[in-house]
A.B. asks: 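Got a structure for you, written out below as structure tokens; questions coming shortly.
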Amino acid sequence: MSCSSSETSVRPRKLRVSGWQFPALRGGLFSLGAPLLLTLFCGSATAAPAPINTQFDDQDILVTLPEPALTTTTPPADPNRLADLIQAQIQQARSTGDPRFTGYAEGLLQQWNGQMTDRLRVLKATIDQSNHRFEQARNGLTDLIGSNTDPQQAIQARLMLANIELVQGRYDAAAEHCNELTQRLPGLIAASCQAQAQARTGQPVAAYQQLKQQFANAGNATETARIWALGTLGDLAAQLDNPAAKTYWLALLSADPDDLYTRAQLADWYLARGEVNQVLSVTEGYETVDSLAVIRAIALEQAGHPDAGALKATLTQRFAEAQWRGNLLHKRDFARFQLDLADKPESALENAQENWADQREPSDTRLLLRAAISTGNTDQIASVKTWLSQNGQQDARYPEINP
């Protein structure tokens, strides 16, 4: 789904082949049969940007537009061709971390005057989810399930609903969708869905062991299903502080280096263990992706690297410009930047609270706890602890509240 998203939340995953298209359980969109890519979202900032320069020569290049075929402003007349184009734009946004492609996709849908097919309805919900319009996405997907003419798209809608409920911490609703999927799409994808809900509600060991066994026994599973299960196993292993998490994530990145969600998870894993050189290796070349850039900047600062100041300054201006433009949508990375690099714990807490109102994945919860502890906000700490207790949620990534 996320800087789901972003990518997250909501956490950015997709597969680039023809066939069924399904939303990943961590905020992305994928097709059965190819490598996965995750959604990550951009952060925002608090200060005004640097002065805007309006003095340019006629031959100066101000901006290079990406992928001309994907930036068309005229929707195709055929709904299937339109869906193909929008899907490609969403996938491009998720594999590059560039939100402009989501904007292109939404612009095409806004111009479309033809029939909203089930596939277009799912893609619209995908865009709504990417932009944190969770309730709008939820309503659209629920309506589709009740009125669909395409069973494949109804399954995709069910998967996306499960994803939204997991991202927002509504685990009973997520479990209902996952259980329904076991009837309509039995196999590793539905099992991964169930394992996520089970792990977040007090049974992480059982969820991990069961999915691990199902994965080992699924000799006839598609490559897509196996890759997705690997990602879920990595998440569950991390929740248990099991070193196997790194093995799963490295295997995924070997298959698809552009899986931004997994790359960020691995980088964070290394950072938590003080393996700064590994962090720098995993994040090198990804400075334009906010979540990875923030992790890299933290590692550079911890290592006393000469590039630390430059990347920190770049992020400061990037976040400042984003807020100045009114583009403060995905706040997780911004809050982490404020907490770990800008020494603004009060502002970090405010943004972490606003982020947690929409997204309650482990990384969101962890960030909120850290910001609350940093500011001494005992009421917020108690509130998070109560929510975790109500759900029976235990996670090795919350060391401050673990025994």
Side-chain angles (χ1 to χ4, degrees), residues 1 4-5 7 10-39 65-96 98-134 136-164 181 184-185 189 222 224 228 258:
M1 315 290 61
S4 126
S5 359
E7 121 302 27
V10 166
R11 49 238 178 324
R13 203 171 269 224
K14 61 169 172 57
L15 298 173
R16 291 169 290 179
V17 292
S18 58
W20 287 15
Q21 299 295 318
F22 293 105
L25 300 181
R26 286 183 290 277
L29 182 75
F30 67 91
S31 324
L32 294 183
L36 297 168
L37 298 172
L38 265 291
T39 304
L65 294 177
E67 300 289 344
L70 296 179
T71 61
T72 177
T73 58
T74 304
D78 179 73
N80 289 325
R81 289 183 58 203
L82 175 62
D84 288 343
L85 177 56
I86 289 173
Q87 181 177 304
Q89 290 169 326
I90 292 172
Q91 291 175 345
Q92 187 75 358
R94 289 172 172 166
S95 63
T96 63
D98 188 339
R100 290 177 295 177
F101 289 101
T102 304
Y104 302 146
E106 185 164 28
L108 289 176
L109 267 182
Q110 290 173 345
Q111 296 180 67
W112 176 248
N113 295 319
Q115 177 189 2
M116 283 295 292
T117 63
D118 287 347
R119 187 180 173 199
L120 287 174
R121 292 165 71 187
V122 167
L123 290 169
K124 181 181 184 303
T126 303
I127 294 170
D128 286 334
Q129 180 187 14
S130 297
N131 289 324
H132 288 198
R133 298 190 293 260
F134 293 113
Q136 189 169 325
R138 182 183 286 112
N139 291 339
L141 294 167
T142 301
D143 290 344
L144 188 151
I145 288 174
S147 63
N148 75 89
T149 58
D150 185 340
Q152 295 179 357
Q153 296 302 322
I155 291 174
Q156 179 170 349
R158 183 79 66 179
L159 273 167
M160 188 177 292
L161 280 170
N163 174 51
I164 290 172
L181 286 170
R184 301 181 181 276
L185 187 70
I189 292 174
T222 64
T224 299
W228 179 245
D258 287 332

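Values below: every heavy atom of this structure, side chains too, minus hydrogens, waters and symmetry copies.
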A.B. asks: Can you see which heavy atom on A125 is nearest to which on A137, and at what distance?
C.D. replies: O-CB, 3.6 Å
A.B. asks: Looking at every non-hydrogen atom in both residues, tell me the closest pair between A105 and Q89 and how far apart they are.
C.D. replies: CA-OE1, 3.1 Å
A.B. asks: Using every non-hydrogen atom in the two residues, find where L123 and A83 come nearest and quote the distance to one decimal.
C.D. replies: CD1-O, 3.5 Å
A.B. asks: Within this structure, what is the CZ-CG distance for the pair R121 and L109, rounded to the nearest 0.5 Å?
C.D. replies: 12.5 Å
A.B. asks: Over all heavy atoms of both residues, which pair between P75 and Q111 is shortest? Give the atoms and the distance, please.
C.D. replies: CD-OE1, 3.7 Å
A.B. asks: Find the distance between OG1 (T102) and CD (Q92) and round it off to the nearest 0.5 Å.
C.D. replies: 10.5 Å
A.B. asks: Taking the side chain as every heavy atom from C-beta outward, state whether R94 and Q91 have any pair of such atoms under 4.5 Å apart.
C.D. replies: no
A.B. asks: Is a donor on one side and an acceptor on the other found under 3.5 Å between the side chain of N139 and the backbone of Q136?
C.D. replies: no
A.B. asks: Nearest 0.5 Å please: distance from the CZ atom of R119 over to the CD1 atom of I86.
C.D. replies: 9.0 Å
A.B. asks: If you measure from CG on L120 to CG on L82, what distance do you get to the nearest 0.5 Å?
C.D. replies: 5.0 Å
A.B. asks: Can any side-chain N or O of D118 pair as donor or acceptor with the backbone N or O of D150 at less than 3.5 Å?
C.D. replies: yes
A.B. asks: Return the CG to CZ distance between L161 and R158, rounded to the nearest 0.5 Å.
C.D. replies: 7.0 Å
A.B. asks: Quick one: are L144 and M160 in side-chain contact, heavy atoms under 4.5 Å?
C.D. replies: no
A.B. asks: Hey, could you give me the CD1/CZ distance between I155 and R184, rounded to the nearest 0.5 Å?
C.D. replies: 7.5 Å
A.B. asks: Between R133 and I127, which heavy-atom pair has the shortest distance, and what is it?
C.D. replies: NH2-CG2, 4.0 Å
A.B. asks: Where do A77 and W112 come nearest, in terms of heavy atoms and distance?
C.D. replies: O-CH2, 3.2 Å
